[in-house]
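Data first, discussion second: the structure below is written as structure tokens.
First the proteins, then the strands, lettered A, B, ... as listed; each starts at 1. Worth saying up front: this structure is predicted, and the values here are computed from it rather than measured.
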2 protein chains.
Amino acid sequence: MATGRTHRPATRSRGIPEATVARLPLYLRALTALSERSVPTVSSEELAAAAGVNSAKLRKDFSYLGSYGTRGVGYDVEYLVYQISRELGLTQDWPVVIVGIGNLGAALANYGGFASRGFRVAALIDADPAMAGKPVAGIPVQHSDDLEKIIQDNGVSIGVIATPAGAAQAVCDRLVAAGVTSILNFAPTVLSVPEGVDVRKVDLSIELQILAFHEQRKAGEGAASDGGVPAAPARSESADQGPDGDMPAVMPA
Amino acid sequence: MATGRTHRPATRSRGIPEATVARLPLYLRALTALSERSVPTVSSEELAAAAGVNSAKLRKDFSYLGSYGTRGVGYDVEYLVYQISRELGLTQDWPVVIVGIGNLGAALANYGGFASRGFRVAALIDADPAMAGKPVAGIPVQHSDDLEKIIQDNGVSIGVIATPAGAAQAVCDRLVAAGVTSILNFAPTVLSVPEGVDVRKVDLSIELQILAFHEQRKAGEGAASDGGVPAAPARSESADQGPDGDMPAVMPA
DNA sequence: ACCTGTGAAGTCCTTCACAGCA
DNA sequence: TGCTGTGAAGGACTTCACAGGT
């Protein structure tokens with residue numbers, strides 16, 4: 001299988017913990033909603049509730065960005081929106097390509113959230129010649145033969161892979177060779193990339209499986225029981241609800 | 001927003017750490033691939049490479065499940081597939097409903113990974129009367145008026161929300177009231193649910209924003225954009241190419 | 001010899017609790 | 001008084017390194 005494995009010990013991204021970075025978009029969304037309602041300031045308690053985290057965590061998170069609040073008052077909404085946007089790099093424009101325009105790729109192309117905040121779908125790419133030229137979400141699909149050219153002409157550094165699993169690694173390799181350094185992977189495969197390339201993965205079936213695990217615990221363990229480990233006592237008190245925040249996961253390779 | 005929230009402090013789901021649970025599906029996928037190639041046994045080193053984690057972590061993870069390996073040899077592929085499947089609750093059938101059959105909902109309905117492993121799309125639900133009856137992925141879409149009945153008739157405990165953000169909380173409330181206790185949320189909103197209900201969230205724009213953050217670090221901070229507020233004072237460290245800031249591992253959500 | 005299983009050490013993240021400032 | 005910012009304590013997860021089977 002893939003070559004060039006790279007297990008990096010991982011260094012932190014200058015001061016801001018990964019876990020905090022993963023929550024910034026959440027705060028930003030909550031703040032944007034407040035901004036639209038013309039709310040001028042917000043306390044850590046209120047904002048935390050809106051973002052679904054607890055206030056101590058939120059304050060700690062913000063403390064990594066600087067001291068942007070006012071004691072006794074709270075945070076200035078507009079100012080925070082700006083600071084977080086800047087920290088996340090959303091004050092600049094990120095051209096993105098989506099490779100694999102099937103159901104999912106089309107859904108992504110149509111997803112408003114992309115365009116709304118710094119991201120611009122620069123091109124849609126598919127391997128099916130029959131798709132070429134057809135517009136999806138108002139953008140004509142281009143054939144994957146031209147992938148490298150498209151990447152370079154548009155200065156794309158972020159690529160989204162929505163192809164079938166079998167094609168993902170090959171597409172990934174081409175994207176990387178053409179200059180892409182961040183990849184969002186929807187294909188159910190582990191991608192190998194050279195050092196310096198970030199991969200984040202979104203995997204629908206994994207999420208469902210995790211839910212199934214917890215679901216199984218809730219629903220009286222009475223099911224199966226084929227000569228095996230005796231199920232744990234049915235203590236449904238647990239009600240694990242923790243999943244609200246995802247863990248960051250940028251894998252090196 | 002203060003009420004109805006459920007901040008669970010504890011995490012431990014009967015012995016198995018959340019982080020481990022989140023990786024089990026990954027191992028399972030790698031094992032399934034090995035199984036299809038009729039590979040009889042595998043070492044922690046090999047399996048870890050295939051799953052994209054390191055071997056110590058994998059062994060520790062498996063140790064929570066029991067001692068399923070053989071020293072000096074490795075793990076029996078088929079046996080492990082079974083044990084992990086059982087642990088995840090995939091040996092039983094989970095009927096799932098998808099609410100919101102837009103681009104994304106349709107993509108999910110067509111996603112093979114759902115059906116492949118214990119999950120069965122029991123129904124597709126949409127609020128648009130024009131959709132009613134139209135088959136998507138071979139399953140007729142039903143109107144959301146019948147949501148409660150559909151849930152109950154099919155004994156559904158897992159729901160997928162793929163509606164616009166504005167409708168998500170209302171749909172969530174109805175699902176929960178009808179008996180759903182696990183929700184996979186694709187809408188960009190924080191859902192409030194009563195204790196005992198698990199919510200996992202998949203948020204495309206958040207993933208992109210996290211990538212943008214890392215991308216920004218890589219592309220030498222020199223690319224100062226438009227004027228406005230002076231960018232943060234050159235944070236020295238920029239140099240080390242290592243702006244990796246990665247976590248070796250993968251996870252959830 | 002080889003590879004698993006695991007105590008122990010280390011790292012990262014969260015939560016507490018309160019000092020400090022508007 | 002009210003709320004932020006943060007040291008310190010507490011947990012959770014990862015990695016090390018080696019004891020212990022086969």
Side-chain angles (χ1 to χ4, degrees), chain A residues 7-24 27 40-49 51-77 79-80 83 240 242-252, chain B residues 7-24 26-27 40-49 51-77 79-80 83 244-252:
Chain A
H7 278 310
R8 294 289 286 72
T11 344
R12 212 190 5 322
S13 318
R14 216 34 30 190
I16 305 183
E18 220 11 72
T20 294
V21 171
R23 281 187 296 267
L24 292 181
Y27 301 145
T41 62
V42 66
S43 69
S44 64
E45 199 68 54
E46 293 164 329
L47 184 54
V53 305
N54 83 40
S55 64
K57 196 188 299 191
L58 177 145
R59 287 199 301 280
K60 182 66 102 179
D61 283 342
F62 286 177
S63 78
Y64 293 116
L65 307 184
S67 287
Y68 296 149
T70 306
R71 290 165 200 249
V73 178
Y75 301 91
D76 181 278
V77 172
Y79 187 58
L80 248 194
Q83 290 298 345
D240 301 79
D244 164 76
D246 1 351
M247 298 199 59
V250 181
M251 27 189 215
Chain B
H7 281 309
R8 289 301 284 46
T11 322
R12 49 88 187 41
S13 318
R14 242 4 22 98
I16 305 182
E18 248 329 281
T20 293
V21 171
R23 281 187 295 267
L24 292 180
L26 227 50
Y27 301 144
T41 62
V42 66
S43 69
S44 63
E45 199 68 55
E46 293 165 329
L47 184 54
V53 305
N54 84 39
S55 64
K57 196 188 299 190
L58 178 144
R59 287 199 302 277
K60 182 66 102 179
D61 283 342
F62 286 176
S63 79
Y64 293 115
L65 307 184
S67 288
Y68 295 150
T70 306
R71 291 166 200 248
V73 178
Y75 300 91
D76 181 279
V77 172
Y79 187 57
L80 248 194
Q83 290 299 344
D244 49 305
D246 312 339
M247 293 190 40
V250 233
M251 71 55 269

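Close to dT4(D), at under 4.0 Å from its OP1 or OP2, lies a side-chain N or O of Ser44(A). Residue Tyr75(A) has no polar side-chain atom (N or O) positioned under 4.0 Å from OP1 or OP2 of dA22(C).
Taking CD from Glu45(A) and CZ from Arg59(A), the interatomic distance works out to 7.5 Å, rounded to the nearest 0.5 Å.
Side-chain atoms of Thr41(A) and Asp76(A) form no donor-acceptor pair, as typed in the model, at a separation below 3.5 Å.
For Arg71(B) against dT22(D), no side-chain N or O and base N or O form a donor-acceptor pair under 3.5 Å.
The interatomic distance linking Glu46(A) (CD) with dT4(D) (C1') rounds to 14 Å, in whole Å. Atom CD1 in Ile16(A) sits roughly 14 Å away from atom P in dT14(C) (whole-Å rounding). Remark: P of dC3(C) and CG of Asp76(B) are 16 Å apart, rounded to the nearest angstrom. Spacing between atom OH of Tyr64(A) and atom C1' of dG7(D) amounts to 11 Å, rounded to whole angstrom units.
Only Arg59(A), Lys60(A), Ser63(A), listed by number, bring a heavy atom of residues 55-63 of chain A to less than 4.0 angstrom from any atom of DNA chain D.
Candidate nucleotides dG5(C), dT15(C), dT14(D) were compared by shortest atom distance to the side chain of Asn54(A), and dT15(C) ranks first. Distances from the side chain of Glu18(A) to the nucleotides dC13(C), dT14(C), dT4(C) place dC13(C) closest.
Position along DNA chain C of the nearest nucleotide to Gly69(B) versus Thr20(A) favours Gly69(B) as the more 5'-ward residue. In terms of position on DNA chain C, the residue among Gly72(B) and Thr70(A) whose nearest nucleotide sits closer to the 5' end is Gly72(B).
With hydrogens and angles ignored, the 3.5 Å screen pairs a side-chain donor or acceptor of Ser43(A) with a backbone N or O of Glu46(A).
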Stepwise side chain to side chain contact (heavy atoms under 4.5 Å, CB included) test for Asp61(B) and Val53(B): CA-CA 11 Å; Asp61(B) 283 342; Val53(B) 305; 6.0 Å; no
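Taking the six-membered ring for Trp, Tyr68(B) and Tyr79(B) have ring centres closer than 6.0 Å.
Considering only heavy atoms from C-beta on, Leu24(B) comes within 4.5 Å of Leu65(B) through its side chain.
Every ring-ring contact (aromatic ring centres under 6.0 Å, His included) that Tyr27(B) has, sequence neighbours left out, goes to Phe62(B).
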